[in-house]
Amino acid sequence: MEMITSQLWFDLLGTFVFGISGGMLAVRRELDLFGVMVLSLAAALAGGVLRDVALGDTPPAALRDARYLLAALAAGLCAFAFHRGIERLAKPVMVFDAAGLGLFAVSGCQKALSLGVAPLPAVLLGVLTAVGGGALRDLLVTEVPRVLREDIYALAALAGATVVAVGAWLGLAPAPVALLGVALTFALRVVSVWRGWRAPKAPGS
Amino acid sequence: MEMITSQLWFDLLGTFVFGISGGMLAVRRELDLFGVMVLSLAAALAGGVLRDVALGDTPPAALRDARYLLAALAAGLCAFAFHRGIERLAKPVMVFDAAGLGLFAVSGCQKALSLGVAPLPAVLLGVLTAVGGGALRDLLVTEVPRVLREDIYALAALAGATVVAVGAWLGLAPAPVALLGVALTFALRVVSVWRGWRAPKAPGS
Amino acid sequence: MEMITSQLWFDLLGTFVFGISGGMLAVRRELDLFGVMVLSLAAALAGGVLRDVALGDTPPAALRDARYLLAALAAGLCAFAFHRGIERLAKPVMVFDAAGLGLFAVSGCQKALSLGVAPLPAVLLGVLTAVGGGALRDLLVTEVPRVLREDIYALAALAGATVVAVGAWLGLAPAPVALLGVALTFALRVVSVWRGWRAPKAPGS
C-alpha cells in the first residue's frame with residue numbers, strides 16, 4: 001500500500017462523500033439496496049477511473065487499491081442505513097456533492113501534477129475528475145447532470161483545481177494549499193445555492 | 001490472429017449475445033435498421049472497450065480484431081431479421097443480456113488475470129466489462145440502466161467473476177471453471193427474475 | 001506546439017463546430033451561460049478524448065494542447081452571443097453537427113493511421129471519434145442520441161473515414177483525400193435530412 005499522503009486522503013474522502021451523494025440520490029428515487037449500492041459505487045469511483053484512464057495510469061487506482069472500493073461500499077451502506085438522519089441536513093445530495101467536488105478537483109489536479117502534467121491540463125484533469133462522477137450519477141437516473149443545470153458547478157471545481165496549480169507553481173506547501181482549494185470549491189457551491197446566484201441566459205433566448 | 005482460447009470464445013459469444021440484446025431493445029423501441037445496428041454495436045462492443053481501456057490494452061481488441069465487429073454486425077442483422085422469432089422466447093432482452101453478463105464477467109476477469117492483475121481488481125474488471133455494455137445500451141435509449149433497477153444484476157456478474165478468480169487461485173483448469181462462472185451468473189439472473197426476488201428498500205424510504 | 005498539419009486543422013475545426021452544435025442545443029434547451037459553456041465543451045472535446053484514450057495517447061490532446069480548449073471555449077461563446085443569427089440558418093444544430101462529423105471522422109482515422117493502426121480499426125476509430133461527441137452532447141440533455149435516431153449518421157461518418165483509409169492505401173496525397181472525405185460525410189448527412197431518406201424498420205415491428 002502507498003503511504004498515506006494528503007492526495008490519497010482527499011481521494012479516499014472524495015470517494016466516500018460522492019458515494020454518499022449517489023446513495024442519497026438512489027434512496028430519493030426509491031431504488032432498493034442494490035440500486036443504492038450500484039449508484040453509490042458509480043458516483044464514488046467514476047471520477048477517479050476517468051482521471052486515471054485519461055492519465056494513462058491503468059488499471060485505475062479505484063479498481064487496483066481496495067481502499068477505494070471499501071470507501072465506496074461504506075458510503076453506500078451508510079446512505080442506505082442512515083438516510084433519514086442524513087436527510088435532516090439541508091440539501092444533503094448537494095452538500096455531499098459539493099464536498100466531493102472540492103476533494104476530487106484538488107486531488108485530481110495534484111495527481112496530474114505529480115505525474116509531470118503541465119499546469120493547465122492538470123487543472124482540466126482536476127475538473128474532469130470532479131465533475132465526472134456526479135455527471136455519471138445523474139445520467140444513470142436519467143437526470144440532466146447538475147454540471148449543466150447549476151450555475152456555479154464546473155466553475156467551483158475549476159477554482160479549487162486552479163488554487164492547487166498556482167500553489168504548486170509558487171512552490172507553496174501542498175497540504176494547506178489543498179485544504180484552501182477544497183474549501184474554496186465547497187464554499188462557492190454552497191454559497192451560490194444558498195444565495196441563489198443566477199447566470200445570464202443567452203440574449204434573446 | 002490469436003489462437004482460439006476459451007477466453008476469446010466467451011468474449012466473442014458475449015459480444016454476439018449482448019448485440020442481440022441491443023438489437024431486440026432497438027426493435028422494441030421501433031428504431032429503424034440503422035438504429036438497430038448502432039444499438040447492437042454499442043451494446044456488443046462497449047463492455048470490451050471499457051475493459052481494455054481500463055487495462056491499458058489499446059487499441060481495444062473490439063476495434064483491433066475484426067472478429068468482434070463481425071460478431072456485433074451479425075447480432076444486429078439477426079435481431080433485425082429474426083426479431084419476431086426471438087420475441088417468442090420469454091423475455092428475450094433479459095435472457096440474452098443474462099448470457100452476455102455471464103460470458104463477459106468471466107472473460108473480463110480471465111483477461112485481467114492473464115495480464116497480471118491481482119484477483120480483487122480482476123473481479124472488479126470482470127464486473128465492469130459485464131455491466132458496462134448493458135448500461136450503455138440502456139442509457140442510449142434513455143432508460144435507467146438495468147444494473148440499477150434489477151435486484152440481482154451486478155451481484156450475478158460478481159458471482160461469475162469471483163468463481164473465475166477463486167478457480168485461478170486454487171489452480172483449477174480454466175475452461176470448466178469458466179463454464180461454471182457463466183452458468184452461475186446466468187442462473188442467478190434468470191432465477192431472480194423468474195422467482196421475483198426483491199431486495200429491501202432503505203428503511204423509512 | 002506541433003506543426004500545423006491538415007489533421008490538426010481538421011481536428012481543431014471539428015472541435016469548434018461540434019462546440020457550436022453543443023452550444024446551440026444548450027440555448028435551445030434554455031440553459032444559462034454556464035450550461036451553454038459546459039455543453040459546448042463536452043460536445044467539442046469528448047470525441048477527441050475518446051479517440052486518444054482508445055489509442056493509448058494520454059493525456060488526450062484535447063486536454064494537453066491549449067488550442068483545443070480555446071477552440072471549444074470560442075465555440076461556446078459564439079453560440080451564446082450569436083445564437084439568433086445562427087438560428088436563421090436552416091437546422092443549425094444538424095448542419096454544424098454534420099460538419100463536425102466529417103471533420104472528426106477524417107482526422108480521427110488519419111491520426112490512427114499515423115500511429116500505425118491497421119486500416120479497418122483506423123476507420124472504426126474515425127467513426128468513434130465522429131459520433132462520440134455528438135452522442136455525449138445528446139445524452140447530457142437526456143435525448144436519445146442522433147446516431148440512433150437518424151438514418152444516415154454513423155454511415156456518413158463511416159463513408160468519410162473509409163475515403164481516408166482507401167486514399168492512404170492507394171498512396172494518394174492526404175490533404176485532398178481528407179477534403180473529399182469531409183465533403184462526402186457532410187453531404188451524406190445534409191442530403192439525407194433534406195431528402196428525407198428513411199431506412200426500413202424491422203419486418204413485423
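Sequence lines set the chain letters: A, B, ... in the order given, protein chains first and strands last, and positions in each chain run from 1.
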Open item on the list: Under a 4.0 Å threshold between the charged nitrogen and the carboxylate oxygen, would Arg137(C) count as salt-bridged to Glu143(C)?
Closed with: no
Open item on the list: Closer than 4.0 angstrom, basic N to acidic O: yes or no for Asp151(C) and Arg189(C)?
Closed with: no
Task: Lys/Arg N to Asp/Glu carboxylate O, Arg51(A) vs Asp11(A), below 4.0 Å - done: yes
- [ ] Select, from Asp52(C), Val49(C), Leu69(C), the one with the greatest count of heavy-atom pairs under 4.5 Å involving chain A.
- [x] Leu69(C)
Open item on the list: Is Val117(A) close to chain C through its backbone or its side chain, or both, or neither, when contacts mean heavy atoms under 4.5 Å?
Closed with: side chain
Task: chain C contact via Leu115(A) - side chain, backbone, both or neither, heavy atoms under 4.5 Å - done: neither
- [ ] State, to 0.1 Å, how close Leu180(A) and Val163(A) come at their nearest heavy-atom pair, and which atoms those are.
- [x] CD2-CG1, 4.0 Å
TODO: Output, in order, the C-alpha distance, side-chain angles, deciding distance and verdict of salt bridge (charged side-chain N to carboxylate O under 4.0 Å, His left out) for Arg64(A) and Asp57(A).
DONE: CA-CA 11 Å; Arg64(A) 200 178 59 219; Asp57(A) 179 26; 3.4 Å; yes
Open item on the list: If I measure from the heavy atoms of chain A, does Leu41(C) come under 4.5 Å with its side chain, its backbone, both, or neither?
Closed with: neither
TODO: Name the region of Ala54(A), side chain, backbone, both or neither, that has any atom closer than 4.5 Å to a heavy atom of chain C.
DONE: both
- [ ] Could you look at Val36(C) and say if it's the side chain, the backbone, both or neither that has a heavy atom under 4.5 Å from chain A?
- [x] neither
